[in-house]
Amino acid sequence: MANMETVQSNFIKQIINEHNASGRYGGRVHTRFPPEPNGYLHIGHAKSICLNFGIAEEYGGKCNLRFDDTNPVKENVEYVDSIKEDIRWLGFDWEDREFYASDYFETLYEYAVKLIRDGKAYVCELTGEEIRAYRGTLTETGRNSPYRDRSVEENFDLFQRMRAGDYPDGSRTLRAKIDMASPNLNMRDPIMYRILRAHHHRTGDAWCIYPTYDWAHGQSDSIEGITHSICTLEFEDHRPLYDWYVTQLEIHHPRQIEFARLNITCTVMSKRKLLRLVQEGIVDGWDDPRMPTISGLRRRGYTPGSLRDFSDRVGVAKKESTIDMALLEHCIREDLNAHALRVMAVLDPLKVVITNYPASEIEEMEAVNNPEDATAGSRAVPFSRELYIEREDFMEDPPKKFFRLAPGREVRLRYAYIIRCEEVIKDAEGNIVELHCTYDSETRSGLPQANRKVKGTLHWVSAPHAVDAEVRLYEQLFDREHPETTDEEGQDFLANLNPASLQIVQAKVEPSLASAMAGTHFQFERKGYFTVDSRYGKKGAPVFNRTVTLRDTWAKIHKGQKTTP
RNA sequence: UGGGGCGUCGCCAAGUGGUAAGGCAUCGGCCUUUGGAGCCGACAUUCGCAGGUUCGAAUCCUGCCGCCCCAGCCA
């Protein structure tokens, strides 16, 4: 029994099971992930990738990678490269099945000729505006184009000349002859080809006519022998057209299945909105650690495993939903708790002098690298007379349940000694600048007296040994669960940006961190999970990104104390 | 007011006529040299609403209500 986990059922698997039972595809399951290379992949795509590759694997089938590159004005190779990198990083392999809709341009052209020969497609000379007017509205039927009844020969000739470049951009289209009175607007003689002189990232200038999504997608699926073409809900209305094309062409007929796209609280997921964040300089780029892009999450410190786990947990259904960001955070905490090495880092340093500790003495304290993993071993951390502790771990006048340092109180320094706060040193303005403490030499970690009960344990860094490091503290990009909701007329999602989404601090970290490699994951004890940034920082002076905080019970208590008088 | 979808706990989500899984969140308690982790427990007499069929309905029927998508030569 390799897998004790209950594999979640969903409606897509049910459809596949029915097909397998009826023999519709001979028991074959072949899916595809079809990104348009016009932007970076985000976590919603990750869900789709996990779904498509996951289903293929579960049923012993295959999943293709196919770039849906039918609109050269928006697409480019930078996006192709980033997409491939992200899918690989997530842990999926399309082997030799890397395809492009543009691979099929010639076949698509031949298919179009067949429809023309069959009297099922025609060249239309209506302008864009006219086409819209002829299409009718949601409640009124459309009218037939005056070019609808041209002869097969004339259509064929015109279409050839469209391809040859005899006509200016936008002057003609090839349309499927279906039904201008259909209640489904997609069936009102949809456009198959438009004339567009744009350089394509793969086919160059070979074509001046490009197929539309509807015309290219289903036929591409068919050519590749796809059995289950999984897409998002908004394409449900397109399914009759998808079916119409493959039926008229009498070619392999995949089944299109639609599911609800992923939404997550406190972020946005549309490529258009993400592009705006990038272009308006609100974030650092597509891979800004606050972005829900795969590259952003990677830089933030998310792991492939945590994203796959998240994808499994969110489920697959047709109900539009918004997953609580807390679930994503739970997934990364669970992964990092098991794997991240523990270290000590003080983000907001407050100097502590142990007045009864010898000035020249330095001790090496043994610290466990990961209590969840015995094989992770331990390391030595230097301890000396002058230390840094977290400023928030001291309060002059502590409230109830504050288990940390305060005047006259004792606290344990993790892996070291129990200390007592004897004196608070302030500057002229009354700011606390230093604490004078005494230590109990009998309480060194490992000694019998170390087992004495004390209320709290603090992390610390030896001042003379500390390494300076920039630490980037990230929070949600938006401070509203649903960023699209605005208070005032005329506002958009940018009105809900969280001004505190990035806070940069200068921290004091333990010496072992000076040589930390980019992409390594750490837990800064009592603070959260951090990773070494891949862009900023240099040798000996790493920059850390906060992936996620640790669950913080005290913060909850404290918050409750403040709001309840 | 045309067509296509969707409505099960705060957020997701199983369930497909036999009497409401699970996860996240939340709230208690235990444990703890991370207020972390872990462990134990609590958490929908009810499935948008109203009728009907049935011994029995979240599941079947009828009628309402609410939300989303579609009028790009974008995908």
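Chain letters run A, B, ... following the sequence lines, proteins first and then strands; every chain starts at 1.
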Identify whether NZ of Lys or CZ of Arg in A:R163 sits under 6.0 Å from the centre of the six-membered ring of A:Y109 and within 45° of that ring's axis. yes
If I take atom CZ in residue A:R404 and atom C1' in nucleotide B:G36, what distance separates them, rounded to the nearest angstrom? 12 Å
Less than 4.0 Å between a side-chain N and a carboxylate O, is that true for A:K273 and A:E484? yes
Are the charged groups of A:E510 and A:R342 less than 4.0 angstrom apart, N to O? no
What does B:G7 pair with, Watson-Crick or G-U, if both distances are under 3.5 Å? B:C65
Can you find a side chain N or O atom of A:R272 that sits less than 4.0 Å from OP1 or OP2 on B:A75? no
Does B:A75 have its OP1 or OP2 closer than 4.0 Å to a side-chain nitrogen or oxygen of A:T70? yes
A:Y417: which of A:M365, A:E442, A:R412 passes side chain to side chain contact (heavy atoms under 4.5 Å, CB included): A:M365
Spell out yes or no: do the side chain of A:T457 and the base of B:U34 have one donor N/O and one acceptor N/O closer than 3.5 Å? no
Taking the same atom, P, in B:U8 and in B:C68, what whole-Å distance lies between them? 15 Å
Think A:R342 has a side-chain N or O under 4.0 angstrom from the OP1 or OP2 of B:U34? no
Does A:E372 contact B:G36 through a side-chain donor or acceptor facing the base, at a distance under 3.5 Å? yes
Does a nitrogen or oxygen in the side chain of A:R412 sit under 4.0 Å from OP1 or OP2 of B:U32? no
Just the rounded figure in Å: distance from C1' of B:U32 to CG of A:N337. 14 Å
Phosphate OP1/OP2 of B:C74: any A:R194 side-chain N/O under 4.0 Å: yes
Would you tell me if any nitrogen or oxygen in the side chain of A:Q449 comes within less than 4.0 Å of OP1 or OP2 on B:U33? no
P spacing across the pair B:G52 / B:G66, given as an integer number of angstrom: 23 Å
Nearest-angstrom distance, P atom, B:U26 to B:A21: 23 Å
Contact list (N/O, under 3.5 angstrom) for nucleotides 26-29 of chain B vs protein:
from: B:U26; atom 1: OP1; to: A:K556; atom 2: NZ; distance (Å): 3.0

By a 5.5 angstrom centroid cut-off and a 30 degree plane limit, is there stacking between A:Y213 and B:A75? no
Roughly how far apart, to the nearest Å, are B:U59 and B:U46 at atom P? 15 Å
Between A:K319 (NZ) and B:A14 (P), how many Å, whole number? 9 Å
Quick one: classify the glycosidic conformation of B:G52 as syn or anti, with syn meaning within 90° of 0. anti
Would you measure the distance from the P atom in B:U33 across to the matching atom in B:A13 and give it in whole Å? 41 Å
Answer yes or no for A:R172 and A:Y167: cation-pi contact, defined as NZ/CZ to six-membered ring centre under 6.0 Å and angle to ring axis within 45°. yes
If we take the P atom in both B:U62 and B:A71, what is their distance in whole Å? 31 Å
Which base sits across from B:G38 as a Watson-Crick or G-U pair, both distances under 3.5 Å? B:C30
Side chains of A:R452 and A:I418, heavy atoms from C-beta outward: is any pair under 4.5 Å? yes
Respond yes when some side-chain nitrogen or oxygen of A:T553 is under 4.0 Å from OP1 or OP2 of B:G36, and no when none is. yes
Taking all non-hydrogen atoms of both residues into account, name the closest pair between A:P37 and A:Y79 and its distance. O-CD1, 3.2 Å
B:C24, OP1 or OP2 - any side-chain N/O from A:H330 closer than 4.0 Å? yes
Between B:U45 and B:G36, how far apart are the two C1' atoms, rounded to whole Å? 39 Å
Quickly work out the A:D309 CG to B:G22 P distance and round it to whole Å. 18 Å
Atom CD of A:E481 and atom C1' of B:C24 are separated, to the nearest Å, by 13 Å
For B:G35, does the base pair up with any side-chain atom of A:D552 as donor and acceptor (N or O, under 3.5 Å, distance only)? no
Rounded to the Å, how far apart are A:D243 CG and B:G4 P? 15 Å
Would you say A:T212 places a side-chain N or O within less than 4.0 Å of OP1 or OP2 belonging to B:G72? no
Between B:A20 and B:G63, how far apart are the C1' atoms? Round to whole Å, please. 26 Å
Return the nucleotide paired to B:C60: Watson-Crick means purine N1 to pyrimidine N3 with N6-O4 or O6-N4, wobble means G-U with N1-O2 and O6-N3, both under 3.5 Å. B:G52
